[in-house]
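Scroll down for the structure; my scribbles are underneath it.
Note: hydrogens, waters and symmetry copies are ignored here, and every other heavy atom, side chains too, is used.
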Amino acid sequence: MAEKVQRVRGTQDLYGEELARFDHVVETFNRVRKLYGFRRVDVPVFEFTSVFARSLGETTDVVSKEMYSFEDRGGESLTLRPEFTAGIARAYISNGWQQHAPMKLAAHGPLFRYERPQKGRFRQFHQLDAEVVGAAEPAADIEVIAFAAQLLRELGIADRVTLQLNTLGDAETRAAWRDALVAHFSAHADSLSAESRERLAKNPLRILDSKSEGDRELVATAPGIDAFLTSDAGQFFDTVQRGLEAAGVAFVRTPALVRGFDYYRHTAFEFVTEHLGAQGTVIGGGRYDGLIGSMGGPETPAVGWAGGIERLAMLVAEPEREHVEVAVVATGDAAQGYALTLLQRLRQAGVAAEMSWRGNLKKKMERAGSSGADFALIIGEDELALSEVTVRNLATGTQERVRMVDVVAALSGDVEA
RNA sequence: GCGGUCGUAGCUCAGUUGGUUAGAGCGCCGGUUUGUGGUACCGGAGGUCGCGGGUUCAAACCCCGUCGUCCGCCCCA
């Protein structure tokens, strides 16, 4: 087999417009999270494997097949983080952060999952993450969802995304509902798809979002969670729904929206779009009151979400191209020296400027044009002799002579205007 | 893990009854214009047709494998 220089499957080399979209998503996230008082947190890219294995349950496919786990030189089993939540929960426990509770935390960065790549699905991918740790109040659920909704609005994609909302109730609710579902589906097991029969044993809630046409009927007649909600759980969900209405966040009650892991409680939500094929969830989250306790920490209620940066980036409008404001064009050795001085003065005055390095005047002007600069500053022997600079507006093609001493001030004014 | 699709210049793609030196547009470089970009015209560079093997006198084209892409499924923390 011939050796070929290529990137690892499911990874990306980001540049140009793609990266501009990516950065735009992250910058918007950072701006909006400040409005909501979420503070940045940064946790390691790898952790002891037990951090993720324990939080997810040892036997799941996720742990056994979909994590990048390896042994380091000291013989420790480590895993590249497949999610933020477990790492943040671990940090909360390790550092005794309960003293800061409730904490409103925001993170973003690369995550790793060994999966079959598709559009919007990579092996190294990136997420935004928001968590409120140490708050049992439904107000926290409302807050994280409102944050996500505003993020989507400010990204300009709110009209292409729908908020689906559900409750999984408290532990008691969940157990009772689960039993009822198992009873319902077991009674009709012969008409379930083969895959859903598997789920019946491993993860019965997941039958509810089965894509099999044949399962739909059974799902439609399955018991809903509402009949099993304890009064506390029902009240909690009511408060969340009323709060979202008060906050002006539209949602659709989606009874089939479930989570596979036991530590999820109460609120579950996803912002979904129909514009990305099968990878339609752009932000997903919920309340995970059971997680930190199950990892060996103090029983700590928490709620949060994660959003796929690549998927969000695919939905946002093309950002304006990054470009310098001024291109300095010099001809002749004497002018070259002066141009360097001018170039630095412009930059120090806060004007984005660059200078073409090669070619004759024509080439340098071409370069200036394709750089997207608003102005070209032309300095040759004529200008130098008069201590002037030719300022050419590259959009209109008009140009004028400006005294060298006035150029920086004139341009910083023009560029800002 | 399963099924399907596709893989030709930097990019988007054309190119079958298998047949001599593999094409276009855009981009890039140079020129028409040796102090002026964006338009126009002229010219040029750039490809072991993903990779490996097979069939054949002959393979970009057919077959097998492999790597990668995309679309579903599974999974979805």
Salt bridge present between A:Arg121 and A:Glu115 (N-O < 4.0 angstrom):
yes
Determine: side-chain N/O of A:Arg81 to OP1/OP2 of B:rA77, distance under 4.0 Å, yes or no.
no
Protein-nucleotide distance (A:Phe271, atom CZ; B:rC76, atom P), rounded to Å:
22 Å
Are more than 12 heavy atoms, taken from residues, nucleotides or ligands other than A:Arg403, located less than 6.0 Å from that residue's CZ atom?
no
Between B:rG37 and A:Asn393, is there an OP1 or OP2 to side-chain N/O distance shorter than 4.0 Å?
no
Describe the nucleic acid contact of A:Tyr264 in one word from base, sugar-phosphate, nothing, applying a heavy-atom distance below 4.0 Å.
sugar-phosphate
For atom OH of A:Tyr288 and atom P of B:rA77, their distance in whole Å
14 Å
Does a nitrogen or oxygen in the side chain of A:Arg199 sit under 4.0 Å from OP1 or OP2 of B:rC75?
yes
Roughly how many Å is it from CG in A:Leu111 to C1' in B:rC75, rounded to a whole number?
16 Å
Rounded to the nearest angstrom, tell me the gap between atom CH2 in A:Trp305 and atom C1' in B:rC76.
18 Å
Looking at every strand, decide which applies to A:Glu383 at a 4.0 Å heavy-atom threshold: base, sugar-phosphate, or nothing.
base
Under 4.0 Å between a Lys/Arg side-chain N and an Asp/Glu carboxylate O for A:Arg199 and A:Glu195?
no
Take atom CZ of A:Phe261 and atom P of B:rC75, then tell me their distance rounded to the nearest Å.
12 Å
State whether A:Glu47 and A:Arg90 are salt-bridged, where the test is any N-O pair (Lys NZ or Arg NE/NH1/NH2 against Asp/Glu carboxylate O) under 4.0 Å.
yes
In whole angstrom, give the distance that lies between atom CG of A:Asp209 and atom C1' of B:rA77.
14 Å
If you count the non-hydrogen atoms of other residues, nucleotides and ligands that lie under 6.0 Å from CZ in A:Arg33, is the total more than 12?
yes
Taking B:rC75, B:rG35, B:rG38 as options, the one with an atom nearest any side-chain atom of A:Arg392 is B:rG38
Closest approach to the side chain of A:Leu394, judged atom by atom: which nucleotide of B:rC70, B:rG37, B:rC76 is it?
B:rG37
Base, sugar-phosphate alone, or nothing: which one does A:Lys364 contact when heavy atoms must sit under 4.0 Å apart?
nothing
So, does A:Arg9 get its side chain near the phosphate of B:rU69, meaning an N or O under 4.0 Å from OP1 or OP2?
yes
Using a 4.0 Å heavy-atom cut-off, does A:Gly397 contact any base of the nucleic acid, only the sugar-phosphate backbone, or nothing at all?
base
Within this structure, what is the CG-to-C1' distance between A:Asn360 and B:rG30, rounded to whole angstrom?
11 Å
Protein-nucleotide distance (A:Glu388, atom CD; B:rG35, atom C1'), rounded to Å
15 Å
Under 4.0 Å from OP1 or OP2 of B:rG72: is there any side-chain N or O of A:Gln118 that close?
yes
Would you please confirm or rule out a distance under 4.0 Å between OP1 or OP2 of B:rU34 and any side-chain N or O of A:Lys362?
no
Between B:rG35, B:rG31, B:rU36, spot the one nearest the side chain of A:Gln399, thanks.
B:rU36
Respond yes when some side-chain nitrogen or oxygen of A:Arg116 is under 4.0 Å from OP1 or OP2 of B:rG1, and no when none is.
no
Counting any heavy atom closer than 4.0 Å, what does A:Glu66 reach on the DNA or RNA strands: base, sugar-phosphate only, or nothing?
base
Before accepting this row, confirm whether a basic side-chain N of the pair A:Glu388/A:Arg401 lies closer than 4.0 Å to the acidic partner's carboxylate O.
yes
Using Watson-Crick or G-U wobble geometry with both distances below 3.5 Å, tell me the partner of B:rG1, or none.
B:rC73
Nearest to the side chain of A:Lys211, heavy atoms from C-beta on, is which of B:rC75, B:rG35, B:rU36?
B:rC75
For B:rU33 and B:rC41, measure between their C1' atoms and round to the nearest Å.
12 Å
